[in-house]
*Asks:* 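Sharing a structure, written as structure tokens. Questions coming.
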Amino acid sequence: MKNPQVASVLHEIADLLELSGENPFRIRAYRRAAMNVEAIPKDVAAMGEEELFSLPGIGKDLAHKIRQFVDTGRIDIHEELQKKIPRGLLEILRVPGIGPKTARLLFDRKNVKSLEELEALVRSGRLAGLPGIQAKTEENIRKGIGQLRKGMERFPLGKALPIARGIVDLLQEAVPRARFALAGSIRRWKDTVRDIDVLAAGKKPEAITNAFVGLPGTREVLERGATKSSILTVDGIQVDLRVVAEDSFGAALQYFTGSKEHNVRLREMASRRGLKINEYGVFREADGRRLGGREEEDVYKALGLPFVPPELREDAGEIEAAIEGKLPGLVSLADIRGDLHVHTKWSDGAHDLDAVVGAARARKYDYVAITDHSKGLGVARGLTEERVRGQIAEIDAANRKAKGFRVLKGIEVDIRGDGTLDLPDALLSELDIVVASVHSGFRQPGEQLTKRLVAAIRNPYVSVIAHPTGRLLGEREAYPVDMEAVIAEAARHGKALEINAYPLRLDLSDAWARAAKRRGIPLAVSTDAHILANLDFMQYGVSIARRGWLEPGDVLNTLPFPKLARRLQAMRGKRA
DNA sequence: GCCGTTTTCGGCCCGACTGTTTTCAGTCG
């Protein structure tokens with residue numbers, strides 16, 4: 001898959017053009033092309049110029065350039081620009097508060113060619129005095145460098161969302177009559193977020209702003225205006241607040257939920273129809289008359305579109321689908337009938353079977369699959385054959401007394417370094433569900449990892465591949481496994497892939513989940529819970545499913561128990 | 001550089017805040 005490399009060189013060309021003071025629309029064309037290349041699941045290296053040309057935002061010229069990059073590893077204009085502009089300026093562009101104009105100014109006037117040189121200049125206090133740069137700006141640049149050095153952190157949704165909800169609760173308490181909502185990437189349930197966006201509307205905007213900048217846990221107030229303020233929390237997360245009038249709440253919510261790309265598309269559509277959309281409402285261009293904006297639906301309605309769920313707003317085909325009336329009926333938390341990946345005390349879980357069953361029933365589930373680790377995972381007290389049989393007996397007993405609820409006998413069997421499974425087929429055949437996963441040998445070459453997963457899928461008793469790519473957000477990249485091959489193999493054998501709902505995993509990702517759906521593969525949305533509270537991670541798994549365009553029919557654990565049992569049975573014995 | 005339900009040329013989304021200005025440029029989302 002060459003897409004990330006292609007996208008990154010296109011982005012770099014855009015940066016370099018910006019530093020050259022080029023036509024902003026030409027720059028935007030490169031950025032849009034880069035984002036489109038990133039978003040499509042198909043490998044651009046396998047596409048001819050014709051097919052590339054058919055992609056949105058990619059014309060004849062860019063199709064040719066992409067082709068050149070795939071074939072030769074270089075693009076002419078990229079080389080030329082690099083000759084003119086030192087690479088270090090790209091780094092300087094990453095400093096918050098420094099844009100292309102400032103970067104260029106620093107280069108032209110002070111010959112700054114790297115972040116180090118900029119830092120030295122700031123330390124010596126010789127920046128102030130340049131046109132448009134005084135003490136304040138110099139200080140902001142100093143801070144910006146610090147921020148960049150610290151790493152422009154993205155936070156896992158699982159960390160940001162609880163903080164965000166806490167902030168909204170505090171604000172609501174402080175100004176009870178105002179209306180608050182989360183917006184931005186958190187509302188779209190993106191797996192990681194850079195900041196927290198809060199929208200507010202009320203009769204006393206000043207009271208809202210005051211409450212906001214006075215929130216406990218504020219490290220610094222970054223910005224404070226009549227309608228827009230920003231703080232940095234002690235957790236290091238930036239929180240942006242926008243305050244609007246009550247009758248603009250819907251338009252503002254739409255606007256600040258984004259994504260930026262989604263909104264740009266909508267506003268382009270609007271202008272073609274003689275309308276203008278901004279955070280205050282929908283307006284008729286001709287006479288400035290306001291057509292709506294109190295509710296979010298007003299915005300879509302004005303364009304003749306159905307409401308688009310926030311999770312889909314990425315300009316990844318949702319606008320076309322909305323126009324054609326083909327938006328998916330997304331799966332929701334209420335559709336989930338059970339959890340198919342849960343641990344108990346038998347291995348490294350914290351609770352015994354009864355407690356897990358009680359917690360699953362409390363969440364109105366119809367079933368839960370007990371999937372403890374197998375013996376290969378010694379650190380997790382993985383189950384030997386003998387102990388699996390002991391657990392089977394315990395589950396049989398539990399099912400005899402449970403009314404209207406089923407406990408599935410399962411295992412999370414380890415896929416060993418050579419692709420064999422950690423327990424014999426004869427034993428696996430006695431279980432209701434077999435979840436297979438990789439817990440070792442992450443450093444193996446991609447080919448070997450792919451082979452292991454493919455071998456596991458081919459085992460007749462394996463039902464689901466758990467956390468298929470092994471990523472840990474902010475800690476570990478996905479292993480270099482060929483997911484397209486894994487998806488193809490799962491499709492061939494009718495096996496399911498997991499969307500692991502554990503907030504640091506969220507694995508499969510939304511993009512891979514969508515690719516799997518396209519191949520007709522069932523997805524299991526599972527929490528991998530080790531303590532009871534983890535069962536509530538299901539909301540994160542469902543959000544990935546929704547961002548992957550999944551409908552209830554695509555998700556294995558929306559099935560009622562009898563159908564699920566039949567489905568799991570049908571997966572067996574499909575040897576190639 | 002892309003694109004067309006007013007266009008194959010002439011547009012291309014829109015507004016807030018900061019810091020430096022005296023009316024605005026730069027940056028950001």
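Side chains included, hydrogens not; waters and symmetry mates left out as well; all remaining heavy atoms used. Nothing here was measured: the structure is a model prediction, and the numbers come from that model. Here is the naming used below: chain letters follow the sequence lines, and residue numbers restart at 1 for every chain.
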*Asks:* Would you kindly give the CZ-to-C1' distance between Arg31(A) and dC2(B), to the nearest whole Å?
*Replies:* 16 Å
*Asks:* Please measure how far the P atom in dC2(B) lies from the corresponding atom in dT6(B), and state the result in whole Å.
*Replies:* 23 Å
*Asks:* Going by heavy atoms closer than 4.0 Å, what residues in residues 54-86 of chain A are next to DNA chain B?
*Replies:* Pro56(A), Gly57(A), Ile58(A), Gly59(A), Lys60(A), Asp61(A), Leu62(A), Lys65(A)
*Asks:* Test: side chain to side chain donor-acceptor pair (under 3.5 Å). Region: residues 13-23 of chain A. Which pairs qualify, not counting sequence neighbours?
*Replies:* Asp15(A)-Arg31(A), Asp15(A)-Arg94(A), Glu18(A)-Arg31(A), Glu22(A)-Arg26(A)
*Asks:* Quick one: salt bridge (Lys or Arg N to Asp or Glu O under 4.0 Å) partners of Glu551(A), sequence neighbours excluded?
*Replies:* Lys517(A)
*Asks:* Can you tell me how far C1' of dC14(B) sits from CE of Met269(A), to the nearest Å?
*Replies:* 17 Å
*Asks:* Please tell me if the side chains of Thr209(A) and Glu206(A) come closer than 4.5 Å, counting only heavy atoms from C-beta onward.
*Replies:* no
*Asks:* Using the C1' atom as the point on both nucleotides, what is the distance between dT18(B) and dC12(B), in whole Å?
*Replies:* 27 Å
*Asks:* For the pair made of CG in Asn36(A) and P in dC2(B), what is the distance, rounded to whole Å?
*Replies:* 12 Å
*Asks:* Just how far, in rounded Å, is C1' of dC3(B) from CZ of Arg32(A)?
*Replies:* 9 Å
*Asks:* Could I get the full list of ring pair (Phe, Tyr, Trp, His ring centres under 6.0 Å) partners for Phe283(A), not counting sequence neighbours?
*Replies:* none
*Asks:* For the pair Glu296(A) and Arg313(A), find out whether any cationic side-chain nitrogen is under 4.0 Å from an anionic carboxylate oxygen.
*Replies:* yes
*Asks:* Would Glu220(A) and Lys143(A) satisfy salt bridge (charged side-chain N to carboxylate O under 4.0 Å, His left out), going step by step from the backbone distance to the final call?
*Replies:* CA-CA 12 Å; Glu220(A) 192 185 343; Lys143(A) 278 188 189 168; 2.9 Å; yes
*Asks:* side-chain contact (heavy atoms from CB on, under 4.5 Å), that's the test. Do Leu291(A) and Asp298(A) meet it? Break it down for me.
*Replies:* CA-CA 8 Å; Leu291(A) 305 177; Asp298(A) 298 349; over 6 Å; no
*Asks:* Categorize Ala270(A) for me: base, sugar-phosphate, or nothing, with a 4.0 angstrom heavy-atom threshold over every strand shown.
*Replies:* nothing
*Asks:* Treat primed atoms plus P, OP1 and OP2 as sugar-phosphate and everything else as base, then score nucleotides 19-29 of chain B 5' to 3': B for base contact with protein heavy atoms under 4.0 Å, S for sugar-phosphate contact only, - for none.
*Replies:* SSS----SSSB
*Asks:* Evaluate the criterion salt bridge (charged side-chain N to carboxylate O under 4.0 Å, His left out) for residue pair Arg188(A) and Glu314(A); output intermediate values, then yes/no.
*Replies:* CA-CA 9 Å; Arg188(A) 304 199 311 278; Glu314(A) 301 290 345; 2.8 Å; yes
*Asks:* Who are the salt bridge (Lys or Arg N to Asp or Glu O under 4.0 Å) partners of Lys60(A), not counting sequence neighbours?
*Replies:* none
*Asks:* Any side chain to side chain donor-acceptor pair (under 3.5 Å) pairs touching residues 321-333 of chain A, not counting sequence neighbours?
*Replies:* Ser332(A)-Asp335(A)
*Asks:* Gln254(A) has an atom CD; how far is it from atom P of dG15(B), in whole Å?
*Replies:* 14 Å
*Asks:* Please name the nucleotide paired to dT27(B) by Watson-Crick or G-U wobble geometry with both distances under 3.5 Å, or report none.
*Replies:* dA16(B)
*Asks:* Give Ile27(A) one of three labels, base, sugar-phosphate or nothing, depending on what nucleic acid heavy atoms sit under 4.0 Å from its own.
*Replies:* nothing
*Asks:* Taking the nucleotide of DNA chain B with the nearest heavy atom to each, does Asn263(A) or Arg224(A) sit closer to the 5' end?
*Replies:* Asn263(A)
*Asks:* Under 4.0 Å between a side-chain N/O of Thr227(A) and OP1 or OP2 of dC17(B), yes or no?
*Replies:* yes
*Asks:* Mind checking the P distance from dT21(B) to dT27(B)? Whole angstroms is fine.
*Replies:* 15 Å
*Asks:* Classify the angle between the aromatic ring planes of His262(A) and Tyr300(A) as parallel (below 30°), tilted (30 to 60°) or perpendicular (above 60°).
*Replies:* tilted
*Asks:* Not counting sequence neighbours, list each pair that qualifies as a side chain to side chain donor-acceptor pair (under 3.5 Å) and has a residue in residues 82-93 of chain A.
*Replies:* Glu12(A)-Arg87(A)
*Asks:* Name the residue from Ile544(A), Asp510(A), Leu157(A), Leu506(A) that meets the side-chain contact (heavy atoms from CB on, under 4.5 Å) definition with Trp189(A).
*Replies:* Leu157(A)
*Asks:* List the protein contact pattern of nucleotides 5-12 of chain B with one symbol per nucleotide (5' to 3'): B for base contact, S for sugar-phosphate-only contact, - for none; contact means a heavy-atom distance under 4.0 Å.
*Replies:* -S-----B
*Asks:* Could you pull out all residues at least two apart from Gln172(A) that satisfy side chain to side chain contact (heavy atoms under 4.5 Å, CB included)?
*Replies:* Phe180(A)
*Asks:* For nucleotides dT5(B) and dG1(B), find the distance between their C1' atoms and express it as a whole number of Å.
*Replies:* 24 Å
*Asks:* Where does dT7(B) land, syn or anti, once you apply the within-90°-of-0 test for syn?
*Replies:* syn
*Asks:* Using the side chain to side chain contact (heavy atoms under 4.5 Å, CB included) criterion, which residues pair with Ala488(A)? Sequence neighbours excluded.
*Replies:* Arg492(A), Arg519(A)
*Asks:* Looking only at atom C1', what distance separates dT20(B) and dG26(B), rounded to whole Å?
*Replies:* 10 Å
*Asks:* Going by heavy atoms closer than 4.0 Å, what residues in residues 287-304 of chain A are next to DNA chain B?
*Replies:* none
